Structures are given as structure tokens and as C-alpha cells.
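Bear in mind the structure is a predicted one, so any value in this text is a computation, not a measurement. For ligands, and for the atoms within them, numbers begin at 1 and follow the listed sequence.
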Amino acid sequence: MKWFCRCYRCGASYDLVPGRYLCDVCSQQQQVDRPLEGVLELAWEGAADPQSIPLPVESEWFAPIPVGKTPLWAPQRLREQFGAPNLWLKDDTCNPSGSFKDRASWLVAAFAKKHGVQEIVLASTGNAASSMAAVGAAAGLNIKVFLPASAPAAKRIQVLQYGAELIPVDGSYDQAFDLSLDYSTRTGSMSRNTAYNPLTIEGKKTVSFEIVQDLHKAGAGAPDHVFVPVGDGVILAGVYRGFEDLLKLGRIQKMPTVWACQAEGSSAIARALASGREGADAFATPIPSQTLADSIAVDVPRNGLHALSKLQKYGGQAVVVSDAEILAAQRTLAAGSGLFAEPSSSAAFAGWLKVRTTIAAQDNCVLLITGSGLKDVKSAALGLGLEP
Ligand SMILES: *Cc1c(COP(=O)(O)O)cnc(C)c1O
């Protein structure tokens, strides 16, 4: 199997080596306050093992920490409550640091280990930081995170407990992103910034393989709809990458409908899709984000262009939900299934609630529950009408 990086837009290919982040040509078109230009995907050629997930790093380099292989729930009471016999919850709160981000961190750490890189640096709204810190602790890597001071306490404390270095940023995630890039460019440490490092997209594709396998084991056929909470759009693109591989390998016959679920106050990708425009034009009017779903709060979605191109290519959909709908959905989900999700993930459930009557009852709907409710108890308290 041969691995390389490929620009999703112009098709230029590059060697997969540390320090390779963006397409040399397309990244020249970068404008201020727009999504990243020149995002790279990983691609492979040659024969793949039909049983396993094709990944660009050999298994011996992965840190000994149990990432992925998370359970797929068949939530009986929710199914009855909503007349949805084929509703499924992919419970990524079960990852070691409590969020989906571990899938990306795990692959980035393995790549760093393989190439003898000792330090990884990143900006995060919280979960990517706590995730990279957890995996870094298991791998024995130095982790440096730039975190907006507004990140929920649990995520900050996690970072410190795992022994990573925390640099608080008195500003937004977008500012933290730029500061961390300055640092990695200056020092040569590996950047795990989401979308910027192509391995972040690749690591997230593993969930699609698991969904297909879990449904198969349950005797339930292929996924028809997948609901994804979306901020920067990297999970969304990773999910698509996984299904693209699965199509290429003949393990599924059709691309599921992927639903980008966004908060009303941070809906750049949904707005871009609705605009009918392509490329950076679709993101011409950035709006400062305002939602309590901190993990999907971004002003400018870093992977917006790439994610939009996937949605447009495969007929993906977007659904936007208010903070009130998110908080209500959080309670409905927890009380109806036993799964306590953070607000971002509750947005996926809220999105499904909003469009479920447009979906055929026999279709398999898989909701990505990406982060644990314990990560942001303050918002959950608000949803109960309690003083946080
Ligand atoms: C980061 C994150 C998301 C959104 O992922 P993007 O790649 O930024 O779209 C959703 N849910 C949780 C829990 C996250 O941490």
C-alpha cells in the first residue's frame, strides 16, 4: 500500500512527511477570515487488507490507549418515543478523553512517534486539547496547547491533569489557532491543528468503518443517514473520507446522506451550502459565533471549503438548531437513553429531531455522539433551569 497527500481541490500530490500540511499551490489563495485553502487529504494506492481500516501509520506506532471501537447503541426507549425503529447512537463519549477527537489525536501521535517528533502543538476549543494531552500522555510526547480562556473548566483541567502545557489565550479560538501556527512554524514542532494537519481528517474516518461494521454485526444493513455535529467541518470530512474508502473497497454500495448539524449561532457551513455558491465565495460573510455548544463554536470553519465540497459532491444536507433546542435535546437524549452528551453532540440529536419526519422510518439513522455531557456541566445545568 502506498500513501501520499493529495489536494482535494487541484489534485496535486505530495509525500506524506512531517511538515507537509497544505497544498503549495492552492494555499496561495488564502484570504483573511476565510476557511483554509489547500487542505490535503491522505490517499492510498495498491491492495488493502479487506478486514482492516486502511491507515497511513503501521499499528506498532499507536500509543497503548484504547481509542475508537466505541459502542453503537440501539436506544429502545427513544425508538419507541419517536417511532424510529432504526435510530442508532454512536457513542464516542467512550473514548479515553471523553470525545471523538481522540481518533485524530491517536493517528497524529502515531505519525509523530514513527518520525521521531517529540513535541505536538495545537489550538483548540477544548476537546482537541484534552484529547491530544491524553494521547500524548500515553505515547510519551510533549503537548503544548493554546486554549481560549473561555474553554469549559473540565477541558482545561483535563489538559493539566494529563501533564500537557497550557497556554491560555485571551481571545477566541480563531486567535488561538493563529498563535499556535506561529509557534509551530517557528519551532518546527508538529501541528495538530484541525484540518491543517491532514492526519486529523484521516484519523476521524475510522468511525465510518466502525459504523458499517457495527450495523452489519447487528444484522441491520448499511447506514442511510449519518448526523454529524459540525464546527470546523473536520469530523464531517473524516466521515466522508471513511465512506469514500468503504465505497472504493466495495464494502458499501452507496454514500449515506450526511447531515451537518450546526448551532444557529455558528452555522457558517450550513449557510455556505444554502448559498449555492462554491469555494471561498460561499464563506464571504463571516459572523462571530455565539452558542453555548462550545465545541462547534467557530467564527470561520477551518475545514469549511473541504467540508462544503464534500456536501455538494454527495448531496449532503445541513440542519441548524437553536441553543434552546440543543439544551432540550440534551435532556431528551439523556432521559430517554441513558447517554449524557455535551451540547455539541446534542445538536446532532436536535438536528435529527428536527428533520426525522422527512426520513423514511426503515432507514438506518446513525447519530454521532461526539462528547460527554460531563465536559460541560455548566451548560447542562442551564438546560435544567438550575444556577450553573
Ligand atoms: C470538535 C468537536 C465537534 C466538531 O468537530 P469539527 O471537526 O470541528 O466540525 C463536535 N463535537 C465534539 C464533542 C467536538 O469536540
Side-chain angles (χ1 to χ4, degrees), residues 35-36 39 70 90-95 97-105 122-134 145 147-148 151-152 154-155 158-159 173-174 176-177 192-205 207 226-242 258-263 266-270 272 289 291-308 310-311 316 318 321 326 330 339-351 367-376 379-380:
L36 279 173
V39 167
T70 57
K90 181 63 173 164
D91 180 9
D92 260 54
T93 73
C94 285
N95 278 307
S97 82
S99 93
F100 190 101
K101 295 282 193 294
D102 290 355
R103 294 179 184 273
S105 302
L122 74 155
S124 167
T125 61
N127 280 337
S130 50
S131 166
M132 195 66 249
V145 304
L147 203 64
K155 300 180 184 183
Q158 263 187 302
V159 168
Y173 166 56
D174 301 75
F177 198 97
R192 183 229 179 270
N193 276 10
T194 197
Y196 181 73
N197 184 329
L199 292 159
T200 57
I201 303 169
E202 190 68 9
K204 291 177 175 183
K205 80 177 183 184
V207 76
V226 181
F227 286 76
V228 183
V230 172
D232 279 315
V234 174
I235 297 182
L236 183 96
V239 164
Y240 271 122
R241 288 299 294 146
V258 177
W259 293 81
C261 304
Q262 294 210 280
S266 178
S267 63
I269 290 177
S289 63
T291 169
L292 55 73
D294 64 291
S295 303
I296 51 173
V298 302
D299 299 351
V300 177
R302 297 296 152 171
N303 203 38
L305 295 172
H306 184 217
L308 177 66
K310 296 286 183 211
L311 289 166
V321 293
I326 290 172
Q330 183 177 39
L339 212 171
F340 182 27
E342 66 160 63
S344 60
S345 320
S346 305
F349 184 61
L367 278 47
L368 293 195
I369 306 302
T370 47
S372 164
L374 292 174
K375 281 178 167 276
D376 183 7
S379 297

For a distance cut-off of 3.5 Å, show me each N or O of ligand 1 paired with any protein N or O, plus the separation.
| unit_1 | atom_1 | unit_2 | atom_2 | d |
| --- | --- | --- | --- | --- |
| ligand 1 | 7 (O) | Val234 | N | 2.9 |
| ligand 1 | 7 (O) | Ile235 | N | 2.9 |
| ligand 1 | 8 (O) | Asp232 | N | 2.8 |
| ligand 1 | 9 (O) | Gly231 | N | 2.7 |
| ligand 1 | 9 (O) | Asp232 | N | 3.2 |
| ligand 1 | 9 (O) | Gly233 | N | 2.8 |
| ligand 1 | 11 (N) | Ser344 | OG | 3.2 |
| ligand 1 | 11 (N) | Thr370 | OG1 | 2.7 |
| ligand 1 | 15 (O) | Lys101 | NZ | 2.7 |
| ligand 1 | 15 (O) | Asn127 | ND2 | 2.8 |

Is the shortest heavy-atom distance from the side chain of Arg302 to the side chain of Val234 under 4.5 Å? no
Taking Ser99's backbone N and O only, do any of them form a donor-acceptor pair with Thr370's side chain (distance below 3.5 Å, no angle check)? no
Quick one, Leu311 and Leu236 - any side-chain contact, counting heavy atoms below 4.5 Å? yes
Could you tell me whether a side-chain N or O of Asp376 sits under 3.5 Å from a main-chain N or O of Pro152, the two making a donor and an acceptor? no
Can you name the side-chain contact (heavy atoms from CB on, under 4.5 Å) partners of Ala293, sequence neighbours left out? Thr291, Ile296, Ile326, Pro343
Could you tell me whether a side-chain N or O of Asp91 sits under 3.5 Å from a main-chain N or O of Thr93, the two making a donor and an acceptor? yes
